[in-house]
Amino acid sequence: MSRSIADQSVEELGGPGSVLVRQRRDHVQLDRLLHQLDGTTGRAQEEVLTRIDRLVFSHAFAEESVLWPVMRRVLPDGEELTLRIEEEHQEVNELVSELETLGHDDPRRAQRLSRLVEVLNEDVRDEEDVLFPRLQERLGHDELRALGRRWDVVRRISPTRPHPTVSRRPPGNVLSALPLSVLDRSRDVVDAAVRRAPARLAPVGRLVSQGLAGLAGLVERTPPARRGDRPPTSR
Ligand SMILES: [Fe+2]
Ligand SMILES: [Fe+2]
């Protein structure tokens, strides 16, 4: 009977560099942010949401391009296990994209936000309680550490914003990762500057940010970026 990685020691999980320990560390941070989100409104809510986005999208993108292909290779039921997670990721991408278009007083906002929190929590539980214990049965500590290094490198160069149209599987997500990451991270810098800029300069910054968003939308819709997607997660 496999035990959740939530209840195991760092040593049992393969040491500090293991992919399981690195995953759990991010999940704990996400849990903290989700608690901070609770009860916030307006600007404060937007700031916590931005921090959640920056954490979850690169984290999940690297899972989809590095970890789930390994799960499909080593587990007989890897296909259905990973598809379920990819569907959760897809829903997160769609919810955050929609939230970006809803005003603060839109009545749909509260419902979409609570669903977002729910799916993020479900995703963490599925990974920590089901997927990762299964991966742990198949890989030794050295392999878990090597996988941890690969996942971490990819996470650092992965997109930081929602991309619901891109494939949740290789090769589409891998092919589009670099251009989307450059566009997303440039937008992160521009948006941070807009928040600090004098009011008269802010519209210029917003225009640049919109331009970068438009380019990312084009990249996402190119045929190579959609290659490999499965019907439940394609849009
Ligand atoms: Fe995760
Ligand atoms: Fe995930």
Side-chain angles (χ1 to χ4, degrees), residues 2-8 10 13-14 16-35 37 49 51-72 74-75 77-97 115-136 138-139 143-164 166-170 172-174 177 180-181 184 228-230 232-233:
S2 46
R3 276 159 69 211
S4 168
I5 69 158
D7 306 325
Q8 300 187 43
V10 169
L13 297 175
S18 159
V19 66
L20 307 177
V21 174
R22 293 176 199 254
Q23 275 281 329
R24 190 171 65 177
R25 202 182 298 142
D26 271 13
H27 294 167
V28 168
Q29 202 188 334
L30 172 64
D31 188 58
R32 224 175 278 141
L33 288 169
L34 291 177
H35 280 103
L37 188 67
L49 265 178
R51 292 176 61 200
I52 291 174
D53 292 354
R54 298 299 168 272
L55 175 68
V56 301
F57 287 112
S58 51
H59 175 110
F61 210 92
E63 286 176 345
E64 291 163 4
S65 45
V66 173
L67 303 186
W68 304 163
V70 174
M71 301 279 310
R72 287 192 282 273
V74 301
L75 294 173
D77 53 349
E79 169 67 30
E80 60 186 86
L81 284 172
T82 56
L83 191 59
R84 179 178 155 83
I85 302 287
E86 287 161 348
E87 285 177 284
E88 289 165 353
H89 289 184
Q90 180 66 19
E91 191 176 352
V92 170
N93 274 268
E94 288 178 7
L95 283 165
V96 173
S97 303
R115 178 63 191 151
L116 176 66
V117 173
E118 194 174 56
V119 187
L120 286 171
N121 281 323
E122 278 170 18
D123 192 55
V124 168
R125 291 279 47 88
D126 281 338
E127 291 176 11
E128 292 198 357
D129 303 344
V130 184
L131 254 79
F132 289 133
R134 299 284 310 283
L135 187 68
Q136 194 180 22
R138 297 286 169 141
L139 303 185
E143 289 167 303
L144 289 171
R145 283 194 289 271
L147 200 54
R149 281 193 294 276
R150 269 176 61 208
W151 174 71
D152 201 47
V153 167
V154 174
R155 185 177 64 127
R156 285 167 198 278
I157 52 166
S158 284
T160 58
R161 293 172 181 257
H163 295 291
V166 83
S167 172
R168 303 259 72 87
R169 285 196 180 185
N173 56 359
V174 174
L180 287 177
S181 179
D184 282 0
D229 222 359
R230 294 294 180 279
T233 58

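Note that the numbering runs from 1 along the sequence shown for the chain. All ligand and atom numbering here is 1-based and tracks the order in the structure.
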Mind checking how many protein N/O/S atoms fall short of 2.8 Å from the Fe ion (ligand 1)? 5
Look at atom CZ of Arg230 and say whether more than 12 heavy atoms of other residues, nucleotides or ligands are closer to it than 6.0 Å. yes
Heavy-atom neighbours of Arg84 CZ exceed 12 at 6.0 Å: no
List for me each residue that meets salt bridge (charged side-chain N to carboxylate O under 4.0 Å, His left out) alongside Arg125, sequence neighbours excluded, and say none if there are none. Glu128, Asp129
My understanding is that only residues two or more places apart in sequence, or in another chain, count here; which of them pass side-chain contact (heavy atoms from CB on, under 4.5 Å) with Pro16? Val10
Which heavy-atom pair separates Ser97 from Pro162 by the least distance, and what is that distance? OG-CB, 3.6 Å
Taking ring-ring contact (aromatic ring centres under 6.0 Å, His included) as the test, write out the residues that go with His27, two or more places apart. His59
